[in-house]
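Just so we're clear, the structure is a prediction, and the values are computed from it rather than from any experiment.
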Amino acid sequence: MTAAGTEYARLSLNTMTTKSWTLREAVEGTADAGLPAIGLWRDRVAEVGVDMAAKLVHDNGLRVSSLCRGGFLTGIDNGPAALADNRRAIEEAATLGTSELVLVAGGIPDRDLAGARARLADRIAALAPYAAEHHVRLALEPLHPMFCADRAVISTLGQALELAAPHPADVVGVVVDTFHVWWDPDLASGIAAAGREGRISSYQICDWLVPMTADPLVSRGMMGDGVIDFDAISTLVATAGYDGDVEVEIFNEAVWATEGRAVIETMKRRYSDLVLPAL
């Protein structure tokens with residue numbers, strides 16, 4: 001049994017979960033709820049600027065579990081612009097004091113899936129030295145295959161690990177997001193491999209709703225409202241040696257319409273009941 005004072009020692013609110021909140025509201029709401037960490041999206045950071053965002057987090061006694069997002073590196077004609085934006089994201093992550101910059105790979109601009117994946121690999125290689133200089137890890141997030149065309153040409157941890165393999169583990173890692181990977185028949189071996197290599201950058205949690213909403217992007221649910229076995233996946237992550245923060249990242253219009261403090265209290269209960277026992 002986890003002691004009361006440490007029950008939420010690894011729980012992090014991702015700002016997307018309370019989308020209606022400003023950065024200040026999210027930071028202060030996280031601190032007021034007794035959570036130690038917050039996962040930031042760059043749009044929220046941009047509200048006040050990266051220096052003020054870092055100060056807000058520090059003044060409220062929080063750490064930044066990750067910054068989201070970099071990536072979208074698969075375009076045919078936007079290579080220089082994409083690399084420049086990702087370098088800015090690396091700098092922002094360093095200023096905010098987080099070592100993890102989540103990368104969403106990007107989709108397919110034409111019909112050449114292999115070409116998109118090759119450009120992604122080349123651009124990760126171009127960014128890796130800059131990330132290393134700033135002590136920031138590029139955290140590759142595989143997305144569910146339904147997002148392959150428009151958001152991420154990597155769908156499994158195995159694919160993410162293959163892309164990461166040429167680079168040191170502290171420079172390129174992988175994200176385990178339950179919404180995106182729960183279905184993978186090779187999930188156990190993928191998480192184990194990521195753990196052996198020391199590449200697990202982040203463990204993000206939310207549920208898969210049945211039925212889905214009309215827009216799959218906003219069909220994530222609060223833990224316990226869908227079909228994902230959080231005990232099983234959390235056990236895999238813990239066994240792999242991951243002891244970092246656990247981010248709750250939910251895209252859901254009903255959750256977004258709920259008062260933020262109520263969302264956090266529900267989040268805390270579900271984490272304690274469904275996730276924490278396996279960690």
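- Using modelled atom types, no side-chain atom of Ser65 and backbone atom of Ala37 make a donor-acceptor pair closer than 3.5 Å.
- Within a 6.0 Å radius of CD in Glu259, other residues, nucleotides and ligands contribute more than 12 heavy atoms.
- Looking at Asp186 and Thr156, their side chains never come closer than 4.5 Å, going by heavy atoms from C-beta outward.
- In plain terms, the two heavy atoms of Thr17 and Ile250 that are nearest each other are OG1-N, 3.0 Å.
- The backbone N or O of Leu62 sits nowhere less than 3.5 Å from a side-chain atom of Asn60 that would complete a donor-acceptor pair.
- Atoms CG and CZ, from Leu40 and Arg69 in turn, are 15.0 Å apart once rounded to the nearest 0.5 Å.
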Fill in: Full working for side-chain contact (heavy atoms from CB on, under 4.5 Å) between Arg123 and Asn86
CA-CA 10 Å; Arg123 290 168 185 173; Asn86 278 270; over 6 Å; no

Worksheet entry | Step-by-step side chain to side chain donor-acceptor pair (under 3.5 Å) determination, Thr22 to Glu47 | CA-CA 8 Å; Thr22 65; Glu47 291 174 358; 4.8 Å; no

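- The structure places CH2 of Trp21 at 6.5 Å from OG1 of Thr30, a figure rounded to the nearest 0.5 Å.
- Counting heavy atoms from C-beta on, the side chains of Asn78 and Phe72 never come closer than 4.5 Å.
- The neighbour count for Lys19 NZ, taken as heavy atoms of other residues, nucleotides or ligands under 6.0 Å away, does not exceed 12.
- Side-chain atoms of Arg137 and Ser201 include a donor-acceptor pair closer than 3.5 Å.
- Using a 4.5 Å heavy-atom cutoff, the side chains of Val248 and Tyr271 are not in contact.
- By the 4.0 Å N-to-carboxylate-O rule, Asp207 lies too far from Arg270 to be salt-bridged with it.
- Between the side chains of Arg269 and Thr266, at least one donor N or O sits under 3.5 Å from an acceptor N or O.
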Worksheet item: For Asp122 and Arg119, what are the C-alpha separation, side-chain angles and deciding distance, and is it a salt bridge (Lys or Arg N to Asp or Glu O under 4.0 Å)?
Response: CA-CA 5 Å; Asp122 289 345; Arg119 286 189 296 276; over 6 Å; no

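- Side-chain N/O atoms of Glu91 and Tyr130 include a donor and acceptor closer than 3.5 Å.
- Heavy-atom contacts from other residues, nucleotides or ligands closer than 6.0 Å to CG of Asp110 number more than 12.
- Atoms CG and CG, from Leu96 and Leu67 in turn, are 6.0 Å apart once rounded to the nearest 0.5 Å.
- Side-chain contact between Ser66 and Val175 is absent, with no heavy-atom pair separated by less than 4.5 Å.
- Side-chain contact check for Phe179 versus Leu143: every heavy-atom pair is 4.5 Å or farther apart.
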Could you tabulate the donor-acceptor pairs under 3.5 Å formed by side-chain atoms of residues 236-244, not counting sequence neighbours?
unit_1, atom_1, unit_2, atom_2, d
Thr239, OG1, Thr235, O, 2.7
Tyr242, OH, Asp245, N, 3.2
Tyr242, OH, Asp245, O, 2.6

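- Counting heavy atoms from C-beta on, the side chains of Leu127 and Leu73 come closer than 4.5 Å.
- Here the shortest heavy-atom pairing between Leu138 and Ile124 reads CD1-O, 4.2 Å.
- For the pair Arg24 and Val48, the minimum side-chain heavy-atom distance is 4.5 Å or more.
- Taking the six-membered ring where the residue is Trp, Phe147 and His180 present perpendicular rings, their angle passing 60° and hence far from 30°.
- Between Trp41 and Phe251, the ring planes lie perpendicular to each other; the angle is over 60°, past the 30° to 60° tilted range.
- Side-chain contact between Ser272 and Glu7 is present, with heavy atoms from C-beta onward closer than 4.5 Å.
- For Arg220, the salt bridge (charged side-chain N to carboxylate O under 4.0 Å, His left out) criterion is met by Asp177, Glu249, not counting sequence neighbours.
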